[in-house]
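Written below as structure tokens is the structure these notes are about.
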Amino acid sequence: MILYGSHYIYYQNLWKWCSKKTRGVITIMRMSQLFSRTLRPTGKDETASAEFLVRAGFIRQLAAGIYSYLPIAQRSINKIENIIREEMDRIGGQEITMPVVHPADTWKETNRYFEIDKELTKFNDRWGRDMVLAMTHEEIATTLIKSEIISYKQLPQTIYQIQTKWRDDARPRAGLIRVREFTMKDSYSAAANWEQLDKQYEEHFHAYFKMFNRCGLPVITVQSDLGMMGGKMAHEFMYLTSMGEDSLVTCDCGYTANSEVAVFKKEFLASQDEVELKEIETPGTESIEDLSKFLGVNSTDTVKAVFYIGTFQKGEDEFEKLVIAQIRGDLQVNETKIQNAIKAKALRPAAVEEIEGVGCVAGYGSAIGIKNAVVVADDSIQKNRNYIVGANKVNYHLTGARLGRDFTPDFITDIANAVEGAICSCCGKQLIFSRGVEVGNIFKLGTKYSESVGAVFNDIDGKEKPVIMGSYGIGVGRLLASIVEEHHDENGIIWPMSVSPYQVHLINLSKNTEKAEELYTSFIDEGIEVLFDDRTKERAGVKFKDADLFGIPLRIIVGDKSLETEEVEFKTRCGKINTTLKLEGITKFLKEKIDLMLHEEVLSVTGKL
RNA sequence: CGGGAUGUGGCCCAGCGGCUAGGGCACCUGGUUUGGGACCAGGGGAUCGCAGGUUCGAAUCCUGCCAUCCCGACCA
């Protein structure tokens, strides 16, 4: 039914439009008609995925961290999304779509409206109401759960969507790896008890591995920071690559963690008798290295102070306060751990004036005698030892300082940063440091959101309880880029069959287009996804270069020479096969090859894990 | 938010006080070529990021702003 002016036109022979051949002609792609174009090398130093996706005409940048996906990319994206859908549906997920623009109210209820800084974009609608752009959907999913779930009999439930998110990231980079606007698969689970949540979490854990495997991407899981999500437990799915921006540790014993939360074994020393606090002159010893050299002591006998300004939230008010982090001299502090320990909204290094403002002296600082500051100490500082600490006086330190007696931190916990050479706390071996891209994550949220939104249900005992939730994300564009990072050579992309925009790249080099056209239609009729390079004005070299760039796994070349013997050339993009095929039975051969590749890919990626 | 760099036809870059802003790629026309990014001839296409200022004269120098990229901070 088409509307022209005010008249409806009904097609009499609608069935014709749905016939197999016609449908095929509609879904085709001929290179001569492709919307995008390929670009020459730029010579810019870019990550492989960014360079090839742009050059091959998959994506175009609109602004920093904001991209359009062109037709060929969209085909890959659709395949990735469908793999995600299949695996989500398999664990009982139900697909929904939630809005991208939210009234700020719910975000105020959970306090994230105030807690999250500039990354959350806030604006007003025409009535002046506070609105936000969705950076994630916990608030809205919880609101939906609140409205739909009233009884334990309805639980457990998992809903998911594949939706646009906006995060005003301070530093977008590396093409699609780190962007501001992106598509994300996010699921939210609702459970009546913790056992149900554990099961949902585990199901997601396995489903994620399946999805990444099917997309041809090897990943590992690491224990991760809870960050702005809050909650109880979290894992990140990491694709290991040197261009990754996340730093993580692994160990042969199986321990893995994002280095933000990585724990390691700290050396504990023999106890010492209590001595008096004594001030000593230590000129020009602003660093631990200078200090221990000057005094001829080990750096483990010192305690350093690192100063930050923490932003804290109290109700709707926020305030800043100096934070003094104390840690044994040989160790480094980890800002994420500090921020989590003291429950600060934000943390930044303090300026000298701010340090002096509470009576501390940078280079000779400690928490001893300081009132107006939040003090957090690392658990490497032993109660039964004497330490050399700053005297808050230029060129002076204190000896014999004891934890508990001389300084009494507000928090004592692990705030140490795992660095190269750190020892695994599980098995005692050296931790291995790597870099990776976070392609997915899973969180046990617990009742954080259900409590603030009021998503409650009646349990079997008749009592009203908050729903126990989980949240699980996968960055679709980042996944696409990671796949390219993993599968490319110097000439372009080498798609895994499962996510390749097309299965077969049919290249015609013959002036007589008849044979190629014939093949093309027969491929379409057999359901083979084919990209047809039917361009007559391009030379062979251009077509080959473009084909390499596109990275479609199978290639059929129609040329005059092989046609003489009723043959065409067959080549795989990975370079393993380069041969000729009889025209007879070629579609059957290709279909079998495609199926085989889909099967083998999953096996080979699984083998890497 | 700190540090650095760059903005010149669609893309990559040259020009860095002197008059009509230049090349390569891409595009259009014609011809020759035709298996790994062809060649010849002709042609179209630019508010030189924006706004001020200095100057007889500004793409070029100065100031401010904006944008993009890289490093760091930040980030599910």
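Values in this document were obtained by computation on a predicted structure and should not be read as measured data. Throughout, a chain's letter reflects where its sequence line sits, starting with A, and its residues are numbered from 1.
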TODO: Kindly say whether, by distance alone, the side chain of D546(A) makes a donor-acceptor pair under 3.5 Å with the base of G37(B)?
DONE: yes
Open item on the list: Can you check the distance between U54(B) and C12(B), where both ends of the measurement are the P atom (answer in whole Å)?
Closed with: 35 Å
- [ ] Can you sort out the partners of D414(A) under side chain to side chain contact (heavy atoms under 4.5 Å, CB included), two or more places apart, ordered by chain and number?
- [x] V263(A), K266(A), K337(A), D378(A), D379(A), A416(A)
Open item on the list: I'd like to know if the side chain of W107(A) pairs up with that of H102(A) as donor and acceptor (distance under 3.5 Å, no hydrogens or angles considered).
Closed with: yes
Task: Those residues that, when tested against F532(A), pass ring-ring contact (aromatic ring centres under 6.0 Å, His included) (two or more places apart) - done: Y520(A)
Task: Integer angstrom distance from the P of G31(B) to that of G7(B) - done: 41 Å
Open item on the list: My understanding is that only one of R555(A), R539(A), R535(A), R40(A) makes a salt bridge (Lys or Arg N to Asp or Glu O under 4.0 Å) with D546(A); could you say which?
Closed with: R535(A)
Task: Nucleotide nearest V542(A) (side chain, heavy atoms from C-beta), chosen from A38(B), G35(B), C75(B) - done: A38(B)
Open item on the list: Please report the distance, rounded to the nearest Å, between CG in D168(A) and P in C1(B).
Closed with: 11 Å
Which atom pairs, one a donor and one an acceptor, fall under 3.5 Å between side chains of residues 56-67 of chain A and the rest of the protein, sequence neighbours left out?
{"residue": "R60(A)", "atom": "NH1", "partner": "V54(A)", "partner atom": "O", "Å": "2.5"}
{"residue": "R60(A)", "atom": "NH2", "partner": "R37(A)", "partner atom": "O", "Å": "2.9"}
{"residue": "Q61(A)", "atom": "NE2", "partner": "A63(A)", "partner atom": "O", "Å": "3.3"}

Task: With sequence neighbours excluded, residues passing side chain to side chain donor-acceptor pair (under 3.5 Å) with E139(A) - done: T110(A), R112(A)
- [ ] Could you tell me whether the side chain of S562(A) and the main chain of V558(A) form a donor-acceptor pair under 3.5 Å?
- [x] no
Task: Rounded distance in Å - CG (D533(A)) to P (G35(B)) - done: 15 Å
- [ ] Have a look at R55(A) and say if it touches a base, only the backbone sugar-phosphate, or nothing, with a 4.0 Å heavy-atom cut-off.
- [x] base
TODO: Determine the contact category for K185(A): base if any of its heavy atoms lies under 4.0 Å from a base atom, sugar-phosphate if only primed atoms, P, OP1 or OP2 are that close, otherwise nothing.
DONE: nothing
Task: Listed nucleotide nearest any side-chain atom of R171(A), set C75(B), G72(B), C69(B) - done: G72(B)
TODO: Using heavy atoms to find the nearest nucleotide of RNA chain B for I474(A) and K537(A) separately, return the residue whose nucleotide is more 5′.
DONE: K537(A)
Task: Interatomic distance at P, G64(B) relative to C48(B), whole Å - done: 22 Å
- [ ] Examine C1(B): is either OP1 or OP2 under 4.0 Å from a nitrogen or oxygen in the side chain of K118(A)? Give yes or no.
- [x] yes
TODO: Kindly point out which of G35(B), G37(B), C69(B) is positioned nearest to the side chain of L549(A)?
DONE: G37(B)
Task: Intra- and inter-strand pairs of RNA chain B in dot-bracket (Watson-Crick or G-U wobble, both distances under 3.5 Å; | for another strand) - done: ((((((((.[[[[.)..(...]]]].((((((.....)))))).....[[[[[..)....]]]]])))))))....
- [ ] Give a yes/no on whether any side-chain N or O of R173(A) is located under 4.0 angstrom from OP1 or OP2 of C70(B).
- [x] no
Task: Residue R178(A), side-chain atoms from C-beta onward, closest of G35(B), U68(B), A73(B) - done: A73(B)
- [ ] With heavy atoms under 4.0 Å as the rule, sort A170(A) into base, sugar-phosphate or nothing.
- [x] base
Task: P-based separation of G10(B) from U34(B) [nearest Å] - done: 35 Å
TODO: Quickly work out the K571(A) NZ to G35(B) P distance and round it to whole Å.
DONE: 15 Å
Task: Separation between the P atoms of G57(B) and A38(B), rounded to whole Å - done: 49 Å
Open item on the list: Say we look at C11(B) and G37(B): how far apart would their C1' atoms be, to the nearest angstrom?
Closed with: 15 Å
Open item on the list: Once you apply a heavy-atom cut-off of 4.0 Å, does A174(A) come out as touching a base, just sugar-phosphate, or nothing?
Closed with: sugar-phosphate
Task: Between A38(B) (P) and R535(A) (CZ): distance, integer Å - done: 12 Å
- [ ] Please determine, by modelled atom types, if H235(A) and Y201(A) share a side-chain donor-acceptor pair under 3.5 angstrom.
- [x] yes
- [ ] Using atom CG of L563(A) as one end and atom P of G35(B) as the other, report the distance to the nearest whole Å.
- [x] 15 Å
Is there any protein nitrogen or oxygen under 3.5 Å from a nitrogen or oxygen in nucleotides 4-12 of chain B, and what are the pairs?
{"residue": "C12(B)", "atom": "OP1", "partner": "K44(A)", "partner atom": "NZ", "Å": "3.3"}

TODO: Using the P atoms only, state how far U6(B) lies from U60(B), rounded to an integer number of Å.
DONE: 15 Å
Task: Length of the line joining R435(A):CZ and G72(B):C1', which is rounded to integer Å - done: 12 Å
Open item on the list: With nearest nucleotide decided by heavy atoms, which residue, G473(A) or A63(A), maps closer to the 5′ end of RNA chain B?
Closed with: A63(A)
Open item on the list: Under a 3.5 Å threshold, yes or no: a donor from one side chain and an acceptor from the other, between T241(A) and E485(A)?
Closed with: no
Open item on the list: Testing the 3.5 Å rule here: is there a donor-acceptor pair between the side chains of T142(A) and Y188(A)?
Closed with: no
TODO: Taking atom types as modelled, find out whether S187(A) and K185(A) have a side-chain donor-acceptor pair closer than 3.5 angstrom.
DONE: yes
TODO: Ignoring hydrogens and angles, answer whether the base of G35(B) and the side-chain atoms of K511(A) contain a donor-acceptor pair closer than 3.5 Å.
DONE: no
Open item on the list: Check whether Y239(A) reaches the backbone of E486(A) with its side chain - one donor and one acceptor, N or O, closer than 3.5 Å.
Closed with: yes
- [ ] Please report, rounded to the nearest Å, how far the P atom of U34(B) is from the CD1 atom of I557(A).
- [x] 19 Å
Open item on the list: Side chain of R539(A), heavy atoms from C-beta onward: which of U34(B), G36(B), A73(B) has the nearest atom to it?
Closed with: U34(B)
Open item on the list: Does E538(A) contact G37(B) through a side-chain donor or acceptor facing the base, at a distance under 3.5 Å?
Closed with: no
Task: d(CG, N578(A); P, G35(B)) in whole Å - done: 17 Å
- [ ] Taking atom P in both G3(B) and C19(B), compute the distance separating them and give it to the nearest angstrom.
- [x] 37 Å
